[in-house]
There are 2 protein chains.
Amino acid sequence: MTTIRDVAKLADVSVATVSRVLNQTGNVSPKTLQRVEAAISQLNYQPNDVARSLFKGRSKMIALFVPDIMNPFFPELARAAEDVASKHGYTFVLCNTDGDGEKELTYLKALKQKSVDGIIIVSSTLSKDAMAHLDLPIIALDRKIGTNIAAVTVNNRKAAQQAVTHLQEVGCKRIAHIRGPQGASNAEDRMAGYIDIVGQTDWFNPSFICEGDYTADHAYKAALDLLQQHPEIDGIFAANDLMGVGVLKAAAALGKKVPDELAVIGFDGIALGEVTIPTLSTMAQPTYDIGARAAEMLIEHIDTYDLNRFVEPVEYEVKLIKRQSTERRTNDDK
Amino acid sequence: MTTIRDVAKLADVSVATVSRVLNQTGNVSPKTLQRVEAAISQLNYQPNDVARSLFKGRSKMIALFVPDIMNPFFPELARAAEDVASKHGYTFVLCNTDGDGEKELTYLKALKQKSVDGIIIVSSTLSKDAMAHLDLPIIALDRKIGTNIAAVTVNNRKAAQQAVTHLQEVGCKRIAHIRGPQGASNAEDRMAGYIDIVGQTDWFNPSFICEGDYTADHAYKAALDLLQQHPEIDGIFAANDLMGVGVLKAAAALGKKVPDELAVIGFDGIALGEVTIPTLSTMAQPTYDIGARAAEMLIEHIDTYDLNRFVEPVEYEVKLIKRQSTERRTNDDK
DNA sequence: TTGTAAGCGTTATCAA
DNA sequence: TTGATAACGCTTACAA
């Protein structure tokens with residue numbers, strides 16, 4: 001490996017001077033500048049980032065915590081964050097947490113030891129206490145964490161209201177909800193939006209709300225139970241698209257026609273929803289944008305070195321996309 | 001930040017001794033061992049990995065290059081590699097290359113400067129020359145790179161033969177192929193397998209092979225053209241599932257019934273294929289396994305520090321999964 | 001404008 | 001069994 005010392009020797013200057021041209025700090029005369037640059041390119045010298053990190057205490061790396069990159073919602077988030085990171089010269093570390101608090105803590109520790117500069121976290125298990133100790137720039141993404149950690153999310157409650165209203169508009173009389181996991185702020189908010197719309201109706205029944213965990217398999221089983229126990233249900237709002245697909249499968253398994261006997265709407269807007277049969281209506285998030293925004297905020301946070309600044313939460317809008325799974329029933333009694 | 005010096009001071013020993021207990025190298029008396037451990041836990045001391053990396057020249061990080069994490073085949077690969085990395089105490093860096101050679105080179109350089117210990121690469125654009133200079137452990141995944149870089153792949157050619165044979169068995173008489181990008185070894189091999197089976201038939205026509213790039217959109221357009229130009233085509237082997245989905249959409253757009261008028265089979269075995277209509281037959285790769293294996297090989301490679309060792313390429317088997325898109329036509333003239 | 005030298009937090013060599 | 005101390009490759013006071 002060729003070091004700054006080799007360059008200095010070849011250019012017949014001190015390492016300090018080489019460092020100066022490398023970082024464009026301090027003044028160097030045009031003549032020596034040229035000599036140094038020549039030496040650098042002649043030796044094909046590339047500064048050692050580890051040494052830099054050691055001195056500076058920062059690594060030019062950011063990390064993203066996701067529950068599981070195999071859930072199709074997260075790759076887009078990851079892609080966006082990586083694009084932004086790389087654009088700003090940051091290296092991008094990906095951590096699958098499985099929503100496991102222990103794992104999250106282990107990762108946190110490891111990253112801290114590596115002087116990672118900041119972290120974007122999708123989590124509903126991490127306590128803010130754990131992160132107070134951390135003293136690292138953090139942005140919560142998709143789900144809020146406590147109240148004093150900057151967050152990038154969408155307006156889940158309002159979007160959920162819209163989704164349920166849409167089901168009503170296409171003629172649904174008994175609408176159930178398959179919710180996301182306990183403690184996930186987005187799951188709570190989406191459920192709240194559902195309740196806002198149907199909670200006061202005469203038919204509403206708390207057992208119309210099923211616990212889910214954002215996976216298709218679980219939602220499939222939950223929907224099976226739900227539809228067998230409550231055959232009168234003619235609309236389901238699933239808290240994410242993956243669960244929406246699970247509902248679609250359950251409906252198919254039970255011979256329930258979608259949308260004629262059961263209308264279904266999901267949440268997220270993943271590409272998957274376009275290729276199911278029927279295609280899945282959804283509340284589409286601007287997924288790439290929120291991932292990119294979170295990364296931008298984090299990096300700005302890092303660059304300004306402003307650790308204690310309270311950062312306003314950012315909320316994006318969600319867009320209703322109507323597809324076959326909620327196509328208006330023409331033969332409806334409405 | 002608390003350093004090894006703080007620990008030494010508190011335990012009233014030298015930093016060398018602390019380092020010894022940290023790394024379990026050299027002998028320390030039980031008494032001092034205890035004192036040091038007490039000091040460590042009292043101060044909640046965690047060694048600085050950057051300093052370690054600087055001294056050792058290795059970082060305990062590995063990277064994965066994928067063309068695009070949003071292509072559903074790659075998250076599973078990434079998940080597997082990350083699992084293995086983390087199991088071995090390595091930090092996992094993800095790089096989206098977009099199949100762009102420039103980007104790959106940029107990443108390579110950046111990672112080298114960070115003393116990344118090794119890289120798993122999915123690429124068809126990186127020249128082996130570029131990597132010879134690199135002098136870093138590398139494993140090629142999914143696609144081969146040159147001949148002297150260890151690779152983990154599947155038996156693409158044989159699997160392609162199987163796929164095409166399966167189309168024949170369900171009654172297809174004119175089978176087309178939508179291939180993967182030029183230069184990608186897996187695309188070449190899959191095409192070779194296709195030609196092995198149909199190249200000598202009397203109906204074979206080179207224009208039955210369409211250029212594709214492993215994306216659904218492109219395949220959609222290609223299939224549209226293909227099916228309009230050659231209405232006699234009754235079977236398509238798409239070189240990956242994403243393109244298979246594109247073909248399904250094209251068939252739907254043209255009013256061609258799948259599988260009755262057109263049978264379709266893909267490659268990869270992504271979950272997406274289970275929720276399309278009709279569901280998509282495929283040659284399923286053991287995706288997680290190959291990702292995990294690549295990471296295991298890389299880390300073993302790193303740990304044994306055996307840079308020049310020639311590593312045998314590893315080839316996994318692929319499994320035919322029959323779904324609706326190739327369901328045997330009972331009213332076939334066969 | 002340039003150079004010297006003291007760190008950054010480790011590990012490992014060599015003495016004691 | 002322990003402790004000084006010289007690296008690792010860089011940046012930045014501080015001097016010259």
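Letters A, B, ... are given to chains in the order of the sequence lines, protein chains preceding strands, and every chain is numbered from 1.
Closest to the side chain of Val13(B), out of dT2(D), dC8(C), dG3(D), is dG3(D). With dA12(C), dG9(C), dC10(D) as the choices, the nucleotide that has an atom nearest any side-chain atom of Lys56(B) turns out to be dA12(C). When the nucleotides dG9(C), dG3(D), dC10(D) are ranked by their closest atom to the side chain of Arg20(B), dG3(D) comes out on top. Of the candidate nucleotides dG9(D), dA4(D), dG3(C), dG9(D) has the atom lying nearest to any side-chain atom of Leu54(A). Minimum atom distance to the side chain of Pro47(A) is reached by dC10(D), of the listed dT12(D), dC10(D), dG3(D).
Rounding to the nearest 0.5 Å places CD1 of Ile138(B) at 4.5 Å from CD1 of Ile119(B). The distance from atom OH of Tyr45(B) to atom OG1 of Thr2(B), rounded to the nearest 0.5 Å, is 7.0 Å.
Following rounding to the nearest Å, Ile4(A) (CD1) and dT2(C) (C1') show an atom-to-atom distance of 14 Å. When the C1' atom of dT10(C) is taken as reference, atom CD1 of Ile40(B) falls 13 Å away, rounded to whole Å. Counting to the nearest Å, the P atom of dT11(C) and the CZ atom of Arg58(B) are 14 Å from each other. Across the protein-nucleic acid pair, Met1(A) atom CE and dA7(D) atom C1' stand 15 Å apart, rounded to whole Å. The distance between atom CG of Asp49(A) and atom C1' of dC8(C), rounded to the nearest whole Å, is 15 Å. As rounded to whole Å, 6 Å separates atom P of dT11(D) from atom CG of Leu22(A). Separating the CD atom of Gln34(B) from the P atom of dT2(D) is a distance of 13 Å, rounded to the nearest angstrom. Taking atom CD of Gln113(B) as the reference point, atom C1' of dG9(D) lies 12 Å away to the nearest angstrom.
Checked by atom type and distance alone, the side chain of Ser59(B) pairs as donor or acceptor with a backbone atom of Ser115(B) at under 3.5 Å. In this structure a side-chain-to-backbone donor-acceptor pair under 3.5 Å is present from Gln113(B) to Pro47(A).
At the heavy-atom level, Thr32(A) lies under 4.0 Å from the strands shown only through sugar-phosphate atoms. Within the 4.0 angstrom heavy-atom criterion, only backbone atoms of the sugar-phosphate kind lie near Asn23(A); the bases stay farther away.
An end-to-end axis angle of 50° holds for the helix from dT1(C)-dA16(D) to dA16(C)-dT1(D), taken from five base pairs per end and rounded to 10°.
For Arg52(B), a side-chain nitrogen or oxygen approaches OP1 or OP2 of dT11(C) to under 4.0 Å. Between Asn48(A) and the phosphate of dC8(D), there is no side-chain N or O to OP1/OP2 separation shorter than 4.0 Å. For the OP1/OP2 pair of dG3(C) and a distance below 4.0 Å, the side-chain nitrogens and oxygens of Thr17(A) include at least one atom meeting the criterion. Taking 4.0 angstrom as the limit, Asn27(B) places a side-chain polar atom (N or O) nearer than this to OP1 or OP2 of dT1(D). Dashed line: the shortest gap from a side-chain N or O of Ser29(B) to OP1 or OP2 of dT2(D) is under 4.0 Å. For dG9(C), the OP1/OP2 oxygens have no side-chain nitrogen or oxygen of Thr3(B) closer than 4.0 Å.
Side chain to side chain, Asp83(A) and Asn96(B) fail the donor-acceptor criterion of an N or O pair below 3.5 Å. Between the side chains of Arg143(A) and Ser124(A), a donor-acceptor pair is found at a separation under 3.5 Å.
Along DNA chain C, the nucleotide closest to Gly26(A) and the one closest to Val15(A) are compared, and the more 5′ of them pairs with Gly26(A).
Between Asp68(A) and Arg79(B) there is a salt bridge, with a side-chain nitrogen of the basic residue lying less than 4.0 Å from a carboxylate oxygen of the acidic one. Contact check on Asp49(A) versus Lys109(B) returns no salt bridge, with no Lys/Arg side-chain nitrogen under 4.0 Å from an Asp/Glu carboxylate oxygen.
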